[in-house]
Student: 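Please find one structure pasted underneath; my questions will follow.
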Amino acid sequence: MSNRDEDYEIPRKKKARKVRPDGADISSHDHISGADGTSKTLKKREGDSSKAVRRKPQTGEPKKRKTGESLSDDSIERKKSGKGPNGGSPRKKKVQEEKNPLDEGQRKRRKSEVQKEGAAKSSKKKRSLEEEPGRSVKNESLEEDMPEIGFETDQTGSRRRRREKRMEDFDDYKEDEMGKKSKKNKGAKIALIALGSVIGLLVLVYAGFAVYFSSHFLFFTEINGMDFAFKDVEQVEAYMKKQVSDYTLTLEESDGSKEQINGDDIAIEYIAGEQLEKLMEDQDNLLWPKSIWEHPKIDSKIGVKYDEAALAAVTAGLNCMNPENQTPPVDARPEFQEGQFGVVPEVVGTQINSEVFNAKIAEAINGFQPTLNLSDTGCYVMPRFKSDSPEVLAAKDAMNSYLRANITYDFNPNTEVVDASVISQWVRVDGDMNVTFDEAQVRAYVQSLADKYNTKGRPRNFTTATGNVVTVEGGSYGWLIDQEAEYNALIANIQNGETVTREANYASRAASHAGNDVGGTYAEVDLSAQHIYFIQNGQVVLQSPCVTGNPNRGNATPQGVYTLAYKALDQTLRGTKKPDGTYEYETPVKYWMPFNGGIGFHDATWQSSFGGSRYQTHGSHGCVNLPYDVAGQLYNLISAGVPVVCHY
């Protein structure tokens with residue numbers, strides 16, 4: 001193969017440069033002349049801007065090198081200089097090669113050696129580029145896979161220099177990174193050493209205190225109210241021995257007064273024992289920091305001995321033990337305050353609980369304590385119920401629920417109201433905090449209603465149809481409250497917290513609470529004038545003379561206010577039944593209207609006249625005799641329940 005100049009292509013990212021054999025640029029549609037004088041046009045390959053355009057070799061030109069072939073060093077130099085192997089032109093070179101076939105074998109061997117060297121360099125460069133951070137070697141590897149040519153263009157030299165520059169920059173970058181890492185590692189080591197030293201020092205300090213507190217009391221340690229922090233057992237015992245001769249127990253009472261029990265009076269003395277050593281062993285010296293915020297307070301018996309009989313005599317003579325100086329406790333309780341029930345706090349008082357008091361004094365002396373607060377130690381008799389006792393709170397809530405009740409009594413046109421102000425006076429709690437009602441007060445209230453509104457059986461002033469005012473006594477008509485039924489109903493209304501308007505429970509009713517209780521419709525019998533009237537809605541609609549009971553025979557018609565029981569037609573009136581089964585009398589009547597047992601209105605056709613003094617001679621057995629037509633009219637006007645007033 002000839003080393004004459006020929007077209008070739010080089011893989012590259014930039015647009016390939018097309019040249020003629022003489023080195024001049026060729027445009028995308030330039031023409032070149034071959035050796036045979038023909039002209040060829042070079043065209044750019046479509047879709048591949050990274051490769052130069054190939055042209056077909058002209059007639060007589062050597063064939064293009066195959067992939068993988070490379071040029072010898074001499075050929076490369078000649079290629080650069082544009083001369084043949086003998087310094088001549090490429091054309092002359094071909095002629096010489098044809099005349100000297102032995103040189104062809106040498107060139108092949110030389111090409112093989114160059115190819116091996118190129119492959120080794122390519123592999124080394126590829127590995128270097130792969131190690132560069134973020135470097136893609138895809139295009140470079142493609143370049144290395146291209147056939148090794150025997151000469152170097154300006155473009156290939158530029159690429160090689162750029163790769164070498166990148167290699168140098170990467171080496172500098174690696175050196176900088178290694179330097180930074182080295183500095184960081186050095187700083188971290190220094191910090192770790194310092195931290196380890198501090199931790200070691202803290203561990204030594206902690207361990208030192210733990211050892212120290214194995215034989216000394218912890219920070220802020222108090223034994224029976226005295227500070228023994230940092231003291232060992234021997235020091236504490238020495239202090240106790242020194243203080244025992246001057247020991248005094250001060251009693252702090254609830255009223256602020258104080259009394260004392262002197263050690264000399266009870267022959268007190270200190271006895272060394274193992275109690276302090278046990279207290280030392282029980283403290284947790286390994287967790288000594290807790291004592292800084294927990295401030296250990298220890299109550300313990302100290303080795304003391306005293307005369308118990310002397311102590312009993314001393315305590316019995318204390319002022320607080322005198323019954324005259326003691327007041328009993330008072331339980332907390334609900335009490336009506338400002339519209340509702342609140343809790344009045346308990347009162348402890350000054351009554352001493354002797355059993356607790358003696359035990360607490362002995363405990364204080366055994367613990368070598370300087371003071372004893374009687375309230376804090378529970379030496380007083382305590383109330384059963386306190387302000388926060390569930391029983392007290394439940395009672396208060398129940399009593400307040402009763403205050404929600406509101407009962408309005410309808411005594412038209414009058415009213416009576418039972419509200420919180422009244423109920424609060426009736427509600428009570430017993431000693432066990434059970435809510436009850438003051439029964440006597442509730443019944444007294446119901447009685448007051450009866451006294452005010454009952455009219456049955458009471459004398460009443462009555463204005464007659466003729467305008468006279470008379471006093472009427474007796475009779476079965478009028479208002480009468482059923483007090484037992486009303487008491488129960490009222491209690492139920494309160495317990496249910498009801499708001500209600502209602503009438504009272506009555507055993508007997510009347511027509512009205514206004515004026516006289518007979519209302520505007522009633523029958524009137526004037527026993528003195530022997531005359532009857534029927535008043536309807538305040539107007540006299542019927543009047544007639546009558547004949548009442550014969551007073552001379554003991555059958556006088558009784559005065560009073562009554563109620564018509566019923567009315568009936570075609571009845572037979574009978575007197576007292578005799579032993580033989582007959583009656584004193586039997587009188588048939590058309591209209592019968594009883595109002596006082598067997599006494600009533602009826603027609604009396606046997607009477608020849610009515611009114612005047614006829615009743616004294618021909619009077620009835622007590623009934624009010626009426627003319628037949630008047631009895632019929634009255635029958636049509638009157639009805640059951642209508643009042644009947646009989647008066648003189």
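Excluded from the calculations below are hydrogen atoms, water molecules and symmetry mates; all remaining heavy atoms, backbone and side chain alike, are included.
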Student: Determine yes or no for a side-chain-to-main-chain donor-acceptor pair under 3.5 angstrom, with Y380 supplying the side chain and S254 the backbone.
Tutor: yes

Student: For D284, is there an ion pair with K290 - N to carboxylate O distance below 4.0 angstrom?
Tutor: no

Student: When you measure from the side chain of Q326 to the backbone N and O of E324, does any donor-acceptor pair fall under 3.5 Å?
Tutor: no

Student: Below 4.5 Å, heavy atoms only, C-beta onward: do H295 and E222 meet side chain to side chain?
Tutor: no

Student: Quiz question: by atom type and distance under 3.5 Å, do the side chains of H531 and Q543 form a donor-acceptor pair?
Tutor: yes

Student: Indicate yes or no: does E473 engage R458 in a salt bridge with an N to O separation below 4.0 Å.
Tutor: no

Student: E355: which residues meet the salt bridge (charged side-chain N to carboxylate O under 4.0 Å, His left out) condition with it, sequence neighbours left out?
Tutor: none

Student: Of all residues at least two apart in sequence or in a different chain, which pass the ring-ring contact (aromatic ring centres under 6.0 Å, His included) check with F610?
Tutor: none

Student: Hey, can you tell me if Y522 and F462 have their rings parallel, tilted or perpendicular (30° and 60° cut-offs)?
Tutor: perpendicular

Student: What is the ring orientation for F411 with Y409, classed by angle as parallel under 30°, tilted 30 to 60°, or perpendicular over 60°?
Tutor: parallel

Student: Is the distance between the ring centroids of Y402 and W426 under 6.0 Å?
Tutor: no

Student: Between the side chains of D432 and R384, is the shortest nitrogen-to-carboxylate-oxygen separation below 4.0 Å, so that they form an ion pair?
Tutor: yes

Student: Please tell me whether F601 and F595 form a close aromatic pair, meaning their ring centres lie under 6.0 Å apart.
Tutor: yes

Student: Taking only residues two or more places apart in sequence or in another chain, which ones pass salt bridge (charged side-chain N to carboxylate O under 4.0 Å, His left out) with E439?
Tutor: R443

Student: Check residues 332-349 and write down every donor-acceptor pair under 3.5 Å in which the side-chain atom is one partner and the other belongs to a residue at least two apart or another chain.
Tutor:
unit_1	atom_1	unit_2	atom_2	d
E346	OE1	S387	N	2.9
E346	OE1	S387	OG	3.0

Student: Mark yes or no: K567 above the aromatic ring of Y635, with NZ or CZ under 6.0 Å from the six-membered ring centre and no more than 45 degrees from the axis.
Tutor: yes

Student: Go through the structure and list residues passing side chain to side chain contact (heavy atoms under 4.5 Å, CB included) with S512, not counting sequence neighbours.
Tutor: A514

Student: For H513, does its backbone N or O pair with a side-chain atom of D517 as donor and acceptor, under 3.5 Å?
Tutor: no

Student: So, using ring-ring contact (aromatic ring centres under 6.0 Å, His included) as the criterion, who are the partners of F385 when residues are at least two apart?
Tutor: none

